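Numbering of ligands and ligand atoms starts at 1, following listing order. Since this is a predicted model, take the numbers as computed values, not measurements. Position 1 is the first residue of the sequence; numbering continues from there.
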Amino acid sequence: MNRRDLRDLGIISLPGDPGYGSRFKELFNSRLYIVHQRIFPDGETYIRLVEDLQDEKKVLIIQSMFPEQDRRFFEILQILDILDNYDKEIYLLILYMAYARQDKVFLKGEPVSARIIMRYITQNNRVKKIYVAEPHSDYVSKEFSKIHSINLIKIMGEILRGKGISRRMVVVSPDQGGAERAKVLSEILDTEYLVFKKYRDRYTGSIKTEAPENIELVKGRETIIVDDILSTGGTVTEVASFLKRSGSERIYVLCAHCLFVSDALNKVLSGGVNKIFCGNTVKRFVEDSRVEYFDLSNSIGSYIAENIL
Ligand code: R5P
């Protein structure tokens, strides 16, 4: 992205921001406001906006809600409370939205957690737009008019294409919910895509995977599994085992939000995955030659610069 002059915009980087605040400061020529965080001995969160806001009309808050999802959510509510003291238009960038997978009542008696998050944030009248990077589903953008989704799979697909990825690679979605992601990526890479079926036991959380009928397409070819979130690695590992058994030569993973919970990385790599491409959307980076992070700050910055004005 070429440098854009957005002096009218102040940037507030919350503790979950994996570094976009300083990047945007350079890109937009904007002022970056520092937030100090402390955790009290009993576990309560304290934040403080160190410097008084200047005369910018707009502020962009940047947060990513992993790790420590609940704390990250509360920090957003805290900064909105602080901003009640100022007359600013508020924009919010959520690089990873926690609780997005609980976007419906799957079992009687459950809350819709994605709705709780957005209800609390959107009810503030000064909040004009909320940019959510690759939300799990289109639930939040359909339900709340202030929400704008940023399609990270498209951005990452273009980066991948720039690396000269082979056209013989087959794109694979691990479940029907991710079929659109696979379609988008396959169009960018100009190749075919397959969609697996995934069934989750809503009581135990365990998953069962069913391969598509045309799985033989992967024989002797490279494959790339595309997903929004890599959490425990269970989903990807399960699909990789099918692809391996069906004769896929090399298996890649492209994932917007790589959480790498507990031994996820080992699980995925020992399950036959050769390389993982991740977005830099959460403040947890693993160091391994088989994991490559794509810096998405330029593309996300461009999207916001075009949409915020
Ligand atoms: C669920 O539907 C998501 O799109 C991901 O497939 C899921 O969150 C991955 O989680 P895990 O890595 O724990 O299998």
May I ask you to identify the nearest protein heavy atom to [atom], giving residue, atom name and distance to one decimal place in Å?
atom: atom 8 (O) of ligand 1; result: R101 NH1, 2.8 Å
atom: atom 6 (O) of ligand 1; result: D227 OD2, 2.6 Å
atom: atom 13 (O) of ligand 1; result: T232 OG1, 2.5 Å
atom: atom 2 (O) of ligand 1; result: H136 CE1, 3.3 Å
atom: atom 7 (C) of ligand 1; result: I229 O, 3.9 Å

For this session: Report the C-alpha distance between R71 and E75 in whole Å, list the side-chain angles of each, state the deciding distance to 0.1 Å, and finish with yes or no for salt bridge (Lys or Arg N to Asp or Glu O under 4.0 Å).
Result: CA-CA 6 Å; R71 197 181 294 289; E75 286 159 357; 5.5 Å; no
Problem set entry | Flag side-chain contact, heavy atom, 4.5 Å: Y193 against V226 |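 A side-chain contact under 4.5 Å is absent here.
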Problem set entry | Close side-chain approach of L152 to I150, heavy-atom, < 4.5 Å |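 Side-chain contact under 4.5 Å: yes.
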Exercise. Can you check whether R200 has an N/O within less than 3.5 Å of an N/O in ligand 1?
Worked result: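 Looking only at distances, the answer is no, because the N/O contact criterion of under 3.5 Å is not met.
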For this session: May I ask you to check if ligand 1 and K198 share an N or O to N or O distance below 3.5 Å?
Result: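 Min N/O separation from ligand 1 is below 3.5 Å for K198.
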For this session: Kindly confirm or rule out an SG-SG distance below 2.5 Å between C278 and C255.
Result: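 No, the SG atoms are not under 2.5 Å apart.
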Exercise. Cationic tip of R23 within the cone over Y20's six-membered ring, i.e. under 6.0 Å and within 45° of the normal?
Worked result: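 No.
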Counting from 1, what ligand 1 atoms have a heavy atom of [X] closer than 4.0 Å?
X: T235; answer: 6 (O), 9 (C), 10 (O), 11 (P), 14 (O)
X: G233; answer: 11 (P), 12 (O), 13 (O)
X: D175; answer: 2 (O), 6 (O)

For this session: Check for a donor-acceptor pair, side chain of K267 on one end and backbone N or O of T237 on the other, with a separation under 3.5 Å.
Result: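 A pair under 3.5 Å: no.
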Problem set entry | Check: K129 side chain, I304 main-chain N or O, donor-acceptor pair, under 3.5 Å |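 Flag not set: sc K129 to bb I304 has no pair under 3.5 Å.
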For this session: Only heavy atoms count here, so choose which of L259, D228, T237 is nearest to atom 3 (C) of ligand 1.
Result: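 Among L259, D228, T237, the closest heavy atom to atom 3 (C) of ligand 1 comes from D228.
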Problem set entry | Contact with ligand 1 for E238, non-hydrogen, under 4.0 angstrom |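 Not so, E238 does not reach ligand 1.
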For this session: Could you tell me the separation between the NZ atom of K146 and the CD atom of Q123, rounded to the nearest 0.5 Å?
Result: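 K146 atom NZ to Q123 atom CD measures 9.0 Å (nearest 0.5 Å).
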For this session: Assess whether salt bridge (Lys or Arg N to Asp or Glu O under 4.0 Å) is satisfied between E143 and R115, documenting all intermediate values.
Result: CA-CA 8 Å; E143 206 66 21; R115 182 171 60 204; 5.8 Å; no
For this session: Could you tell me whether V261 approaches ligand 1 through its side chain, its backbone, both or neither, with non-hydrogen atoms closer than 4.0 Å?
Result: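 Neither; no heavy atom under 4.0 Å.
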